[in-house]
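When reading the values below, keep in mind they use all heavy atoms of this one structure, side chains included, and skip hydrogens, waters and symmetry mates.
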Amino acid sequence: MPSFNQSIFHPTVFFLTGTPGFETYHAWIFIPFCCLYVIAISGNGMILFIIITESSLHEPMYYFLSMLSFTDLGLCLSTLVTMVGIFWFNAREISFDACISQMFFIHGFTFMESSVLLAMAFDRYIAICNPLRYATILTNSRIIKVGFAIVIRGTTALIPLLLLLKHLSFCGSHVLHHSYCFHPDVMKLSCTDTKINSAFGLAIVISTAALDSVLILLSYVLIIHSVLGIASSEEQKKAFGTCVSHISAVAIFYIPMISLSLVHRFGKHAPPLVHTLIANIYLLIPPVMNPIIYSVKTKKIHKAIVKMVLSKKI
């Protein structure tokens, strides 16, 4: 039995946490989690497949939706191995380097998803406020450039942040509060000064997710202003209807993220189970809900799915 409070400065392993107090039932608890993973992976995989194979969906809006599905798949796969290991095999150990790698993918895909949601908001703004120039502004070459910019933005800022983490000393407990490696969680275990790490991490969050949320809000202020200027109430309803899916995706992404941040900052005395539940909701709910929302609310996606299902039956 390994000691969780061993005092070493450069830990070889951390210990992940499943569901505190319910370790005996981990195999059963993971069944609903397993269902969520299956829904998320199959749902986002199906959205990607449909957009790639259906020529009628080769439009800017659906290209951005494919990017959203890709980042959701990345988030799911980043935590799947450790979740299966903890809940089914009681494999709680994760090496320090593996932990750093997992943080890179989790935070990288999170920042990428935030950028994709911003790009989708810009897409809706152009489609509603400047529809005549939509095709000339959002050309295929520009969408490819936006895709590369999203990847570069989501990954480059993380490299110095994780390098700073490698220089910290860990001389107390090595038990993490989640079933995956999360930067604030790992940083709290350090026994050295983490002010630079905290400041740099805060700067990254402000310049990515926080800035994106403000720009998304601004885009919808402009969209609402433009839509209210439309004379016909039917046209207003149609314009707002095209934004429902995106607004839902924004809500289910940012609300769990803000909740997890608040719990880490102000919930020091909250039960460990609260930390675990919010952490899992933060990473699982958006990938599960996004394909459901877009397949139900977006007519072209819905029709393509029905067409694919019917053709397989025939």
Side-chain angles (χ1 to χ4, degrees), residues 32-54 57-80 83 105-125 127 143 146-147 150-151 153-154 180 208-209 212-213 215-217 219-220 240-260 277-306 308-309:
F33 282 121
C34 186
C35 293
L36 291 176
Y37 273 108
V38 169
I39 293 168
I41 293 170
S42 59
N44 286 291
M46 183 172 61
I47 294 284
L48 272 173
F49 177 78
I50 287 171
I51 292 172
I52 291 168
T53 57
E54 189 66 45
L57 298 178
H58 292 175
E59 299 175 7
M61 174 182 173
Y62 302 106
Y63 288 143
F64 290 127
L65 177 56
S66 68
M67 293 180 196
L68 184 66
S69 293
F70 176 77
T71 56
D72 280 338
L73 275 174
L75 276 174
C76 282
L77 296 175
S78 297
T79 59
L80 180 60
M83 288 283 283
F105 286 110
I106 289 174
H107 293 292
F109 280 118
T110 299
F111 294 146
M112 279 188 258
E113 182 150 345
S114 179
S115 300
V116 171
L117 290 171
L118 175 60
M120 295 174 85
F122 179 72
D123 169 78
R124 291 300 83 208
Y125 167 74
I143 291 169
V146 168
I150 287 170
V151 173
R153 184 194 187 213
Y180 54 84
T208 52
D212 293 346
S213 62
L215 294 175
I216 289 169
L217 180 62
S219 70
Y220 274 103
F240 281 128
T242 63
C243 300
V244 170
S245 299
H246 180 254
I247 292 171
S248 302
V250 169
I252 63 174
F253 175 75
Y254 282 105
I255 291 173
M257 176 188 281
I258 293 168
S259 301
L260 184 61
L277 287 175
I278 294 177
N280 288 323
I281 287 170
Y282 158 66
L283 282 189
L284 272 178
I285 294 303
V288 168
M289 292 303 299
N290 283 336
I292 295 172
I293 290 168
Y294 277 95
S295 60
V296 171
K297 291 290 184 181
T298 309
K299 288 182 179 179
K300 283 190 175 183
I301 294 289
H302 182 74
K303 286 180 180 178
I305 292 171
V306 171
M308 184 181 72
V309 172

Of all the heavy-atom pairs spanning [X] and [Y], show the shortest one and how long it is.
X    : Y    : value
I252 : M289 : CD1-CB, 3.3 Å
I278 : P256 : CG2-O, 4.4 Å
D212 : S115 : OD2-N, 3.5 Å
Y294 : S245 : CE2-CB, 3.5 Å
M257 : A209 : SD-CB, 3.9 Å
L283 : P286 : C-CD, 4.4 Å

Could you tell me the separation between the [atom1] atom of [X] and the [atom2] atom of [Y], rounded to the nearest 0.5 Å?
X    : Y    : atom1 : atom2 : answer
T79  : F33  : OG1   : CZ    : 10.0 Å
I292 : I39  : CD1   : CD1   : 6.0 Å
N290 : D72  : CG    : CG    : 4.5 Å
T71  : I150 : OG1   : CD1   : 8.5 Å
L260 : L277 : CG    : CG    : 11.5 Å

Donor-acceptor under 3.5 Å ([X] side chain, [Y] main chain):
X    : Y    : answer
Y180 : A279 : yes
S114 : T110 : no
N44  : P287 : yes

Assess whether side chain to side chain contact (heavy atoms under 4.5 Å, CB included) is satisfied between L77 and I41, documenting all intermediate values.
CA-CA 8 Å; L77 296 175; I41 293 170; 4.0 Å; yes

Heavy-atom check, side chain of [X] versus side chain of [Y], under 4.5 Å:
X    : Y    : value
P291 : M46  : no
T298 : M61  : yes
S219 : F122 : no
Y62  : I301 : yes
T208 : H107 : no

Does R153 form a side chain to side chain contact (heavy atoms under 4.5 Å, CB included) with M112? I'd like the steps, not just the answer.
CA-CA 7 Å; R153 184 194 187 213; M112 279 188 258; over 6 Å; no

State which residues pass side chain to side chain contact (heavy atoms under 4.5 Å, CB included) with [X]; sequence neighbours excluded, sorted by chain then number.
X    : result
I247 : Y220, C243
S213 : Y254
F105 : S78, F109

Compile the donor-acceptor pairs under 3.5 Å between side chains in residues 63-70 and protein atoms, sequence neighbours left out, one pair per line.
unit_1	atom_1	unit_2	atom_2	d
S66	OG	Y63	O	2.5
S69	OG	L65	O	3.3

With a sphere of 6.0 Å drawn around CZ of F49, does it hold more than 12 non-hydrogen atoms of other residues, nucleotides or ligands?
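Count not over threshold, so no.
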
Has H58 got more than 12 heavy atoms of other residues, nucleotides or ligands less than 6.0 Å from its NE2?
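Result for NE2/H58: enclosed.
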
Quick one, M83 with N280, criterion side chain to side chain contact (heavy atoms under 4.5 Å, CB included). Give me CA distance, side-chain angles, the key distance, then yes/no.
CA-CA 10 Å; M83 288 283 283; N280 288 323; 3.9 Å; yes

Among all residues two or more places apart in sequence or in another chain, which pass the salt bridge (Lys or Arg N to Asp or Glu O under 4.0 Å) test with D123?
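Checked D123 against salt bridge (Lys or Arg N to Asp or Glu O under 4.0 Å); zero matches.
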
Given the rule in the side chain to side chain contact (heavy atoms under 4.5 Å, CB included) test, do I47 and I51 qualify, once you have shown the distances and angles that lead to the verdict?
CA-CA 6 Å; I47 294 284; I51 292 172; 3.7 Å; yes

Determine which pairs satisfy salt bridge (charged side-chain N to carboxylate O under 4.0 Å, His left out) with at least one residue from residues 290-303, sequence neighbours left out, and list them in order.
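Found E59-K300.
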
